[in-house]
Engineer: 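Attaching a single structure in structure tokens format; questions to follow.
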Amino acid sequence: MRIGVLTSGGDCPGLNAVIRSVVHRGLDVHGYEILGIEDGFLGLIEGRARVVGHDDVTGLLTLGGTVLGSARVHRDRVEWAVAHARELAAALGIDALIIIGGDGSLAAARKFGAAGLPVVGVPKTIDNDIAATDVSFGFDTAVHVATEAIDRLKTTAESHQRVLVVELMGRHTGWIAMTAGIAGGAHGILIPEKPFDIEAVARMIEERFARGKKFAIVAVAEGAVPLPGTLRFEHGGIDEFGHRTFGGIGNRLAEDLEDLLGTEARPVILGHTQRGGTPTAQDRVLATRFGWHAVEAVHRGAFGRFTALRDTRVELAPLEEAVARVKTVPPQRWMECESVL
Ligand code: F6P
């Protein structure tokens, strides 16, 4: 048997650990040949792939990014690939395909499965927005990086008596901003699930200043939105791949807070730093377990499924579930968060 494996969408710490685990379990234990498809669905369409052996995965456990490469592919091209799924698989000689990707890629995985290509999905998201798994690898690393950034920003903000607005990733959900914000002791946390009032943010900082504190850190998720009727702000547009773009809220907040407070306020956009570099121990372990279970799913013929962490167990859930719902921060969690601000 020959198993194809590809990494799709934005990269994420732990992707390489999954690839390594697939090779260890698939090749060493079951004797399957593992074919690494390059640049996600693009490599599948263009027939670009290479056999991945034991030597190729040495050292991958700790390496960020993906050695197979990843690429965003326009929806129309993915639809074309789905329509030609069997031919593309035959051209590469693969009997099954493991797709490691976020919600969009897992939605595509489901379509490939329906089109006759046996697939197993592995969820990856630093945003922690896939509801069907308790968490995915990448999130813990992103939170770790963001928390360290907040820790560091605190000492410089205090030295210069500044307000620092740190913009963190999270297009539709505020998991990174909320978790790193709590862990780093940010003074304000703004997330997409809870539209904010900039005047309330300014008041919170003023009250802090009135208590003798002369600096403040505001953690804002890139997808945070102002309450209707307050600040006028529109998030980006649509990129060439048909995805909505975000960005700019950190700059805008810093600018407006400076005006409202009459105190220096600076933006810090953490951006892709959050998903680069070596994965945390927790992410390495989860990625390794997902790879192991993905291979076992192929071995048992449990196609059309993806690896999902449920409590402490890795289960195989139907791919439909992976895309059924975006996991937003629930009101109860937000209440807890507000109480520690
Ligand atoms: O989905 C993960 C994510 O990191 C988002 O938080 C972010 O908006 C997006 O990817 C950015 O990805 P790219 O710059 O690769 O389009």
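Values reported hereafter were calculated over all heavy atoms of this structure, with side chains retained and with hydrogens, waters and symmetry mates removed. Counting starts at 1 for both ligands and their atoms, in listed order.
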Engineer: What atoms of ligand 1 come closer than 4.0 angstrom to any heavy atom of I126?
Structural biologist: 4 (O)

Engineer: Pairing donors with acceptors under 3.5 angstrom, does anything connect the side chains of S70 and D11?
Structural biologist: no

Engineer: Hey, is D239 touching ligand 1 through its side chain, its backbone, both or neither, going by heavy atoms under 4.0 Å?
Structural biologist: neither

Engineer: Looking at atom 13 (P) of ligand 1, what's its closest protein heavy atom, distance included?
Structural biologist: R72 NH2, 3.3 Å

Engineer: Need the ligand 1 atom indices (1-based, order shown) with element for anything under 4.0 Å from a heavy-atom of E222.
Structural biologist: 5 (C), 6 (O), 7 (C), 8 (O)

Engineer: R162: which residues meet the side-chain hydrogen bond (donor to acceptor under 3.5 Å, both in side chains) condition with it, sequence neighbours left out?
Structural biologist: E264

Engineer: Less than 4.0 Å is my threshold; does some heavy atom of G102 fall inside it relative to ligand 1?
Structural biologist: no

Engineer: Judged on heavy-atom distance to atom 12 (O) of ligand 1, which of H272, M169, R275 sits nearest?
Structural biologist: R275

Engineer: Quick one: does D127 get within less than 4.0 Å of ligand 1, heavy atoms only?
Structural biologist: yes

Engineer: Which of the numbered atoms in ligand 1 are under 4.0 angstrom from any heavy atom belonging to G170?
Structural biologist: 6 (O)

Engineer: Does the plane of the ring in H172 sit parallel, tilted or perpendicular to the ring in F246? Use 30° and 60° as the thresholds.
Structural biologist: perpendicular

Engineer: Scan the side chains in residues 322-332 for donor-acceptor partners under 3.5 Å anywhere in the protein, sequence neighbours excluded, and list what turns up.
Structural biologist:
| residue | atom | partner | partner atom | Å |
| --- | --- | --- | --- | --- |
| K327 | NZ | N128 | OD1 | 3.1 |
| K327 | NZ | T133 | O | 3.0 |
| K327 | NZ | D134 | O | 2.7 |

Engineer: Would you call the rings of F233 and H235 parallel, tilted or perpendicular, taking 30° and 60° as the class edges?
Structural biologist: perpendicular

Engineer: What class does the angle between the rings of H299 and H30 fall in, given that below 30° is parallel, 30 to 60° is tilted and above 60° is perpendicular?
Structural biologist: parallel

